[in-house]
Amino acid sequence: AFPAAFPTYHRAGAAQASGEGLYRDPAAAEKGWIKMKNTVLSLMKMKESREKISMLTCYDYSTARLMESSGINMILVGDSLGNTMLGYPDTLSVTMEDMIHHGAAVVRGCNDIFVVVDMPFMSYQTSVYDAVVNAGRLIKETGCNAVKLEGGAAVKDQIKAITDAGIPVVAHIGMTPQSVNAFGGFKVQGKSEAQAARILQDAYDVQEAGAFMVVLECVPAKLAALISEKLAIPTIGIGAGEGCDGQVLVYQDMLGMFQDYVPKFVKHFANAGEMMVQAFKDYDQEVKAGTYPTEAHGFKIEEEIIEKLKEK
Ligand code: KIV
């Protein structure tokens, strides 16, 4: 009987379907895979009730497990993994396979956190068809709950088509890193009247196209606050001030693990980088001094067996 016949019911579909007495077996509602705390509906409700939404990037299973126990609402498997995990200077080289590899690992570590996976450069700009096919791959092959893509008016057809396919879309406007060459560098966007008006129009366009959320990156705080007031969908800021409906940071940035460059908007909530270097140093010293490992870290064998082996 439904849903027992579907033991591997998909997280994303289940999340959207849960909570409305849809299941014949009421016990089914107690199962983890249909009892996710954060859904498109709960996130929209958070905006309505002016409750801030927390989001962090994440790219691997063990970090996802730690975030799962923190109360964070959303994870973004960002294409920033190109910088933070793969050491590229920008996000342009990141592939669909990279996103699927990391996205699936993160999803395996999550129950309640709503997971969004980034669509990499050239996986959606080329055509509406490519956008739907690639968004579908991200959902099917990672088990994530939504996809994110960069751009406003220029990608509204893609957003509409992906949304029409039943895939929730997070839009991303302002300073969109995949356009770094067009911008002439990673620069704050929307300071002039013309730029600010274009970003506001982009915000309206992505909302109208069906995006359920929009990331505002590196735009002036007052512009981000105005957009947040005007839109019905939640805004998530990064370098966009305090007036957004939520916030996202790259987790290595907020933990002080990524020292190549530190953007102005980053706050270090811990100095994990320093702690890690210290731990690596201590390990190095102990291994070299022979103080690690000790007997306590080893496995035992009968002395008799060793004695016999000595004779061979
Ligand atoms: O890839 C990413 O991490 C992002 C955030 C900076 C919003 O898109």
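The figures here come from the full heavy-atom set of this structure, side chains too, leaving out hydrogens, waters and symmetry mates. Note that ligands are numbered from 1 as they come in the structure, with each ligand's atoms numbered from 1 the same way.
Partners of Y292 according to the ring-ring contact (aromatic ring centres under 6.0 Å, His included) rule, which considers only residues two or more places apart in sequence or in another chain, are H297. In this view, M257 and Y251, Q252, L255, A272, M276 satisfy the side-chain contact (heavy atoms from CB on, under 4.5 Å) rule, not counting sequence neighbours. Applying the ring-ring contact (aromatic ring centres under 6.0 Å, His included) test to F258 and every residue at least two apart in sequence or in another chain returns Y261.
Other residues, nucleotides and ligands contribute more than 12 heavy atoms inside 6.0 Å of the CE atom of M122.
The ring of Y88 has its center no closer than 6.0 angstrom to the ring center of F121.
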Contact table, ligand 1 N/O with protein N/O, distance under 3.5 Å:
unit_1	atom_1	unit_2	atom_2	d
ligand 1	1 (O)	D79	N	3.2
ligand 1	1 (O)	D79	OD1	3.0
ligand 1	1 (O)	S80	N	3.0
ligand 1	1 (O)	S80	OG	3.3
ligand 1	1 (O)	D118	OD2	3.1
ligand 1	3 (O)	S80	OG	2.5
ligand 1	8 (O)	K148	NZ	2.9

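A donor and an acceptor atom, one from each side chain of Q125 and Q158, are nowhere located under 3.5 Å apart.
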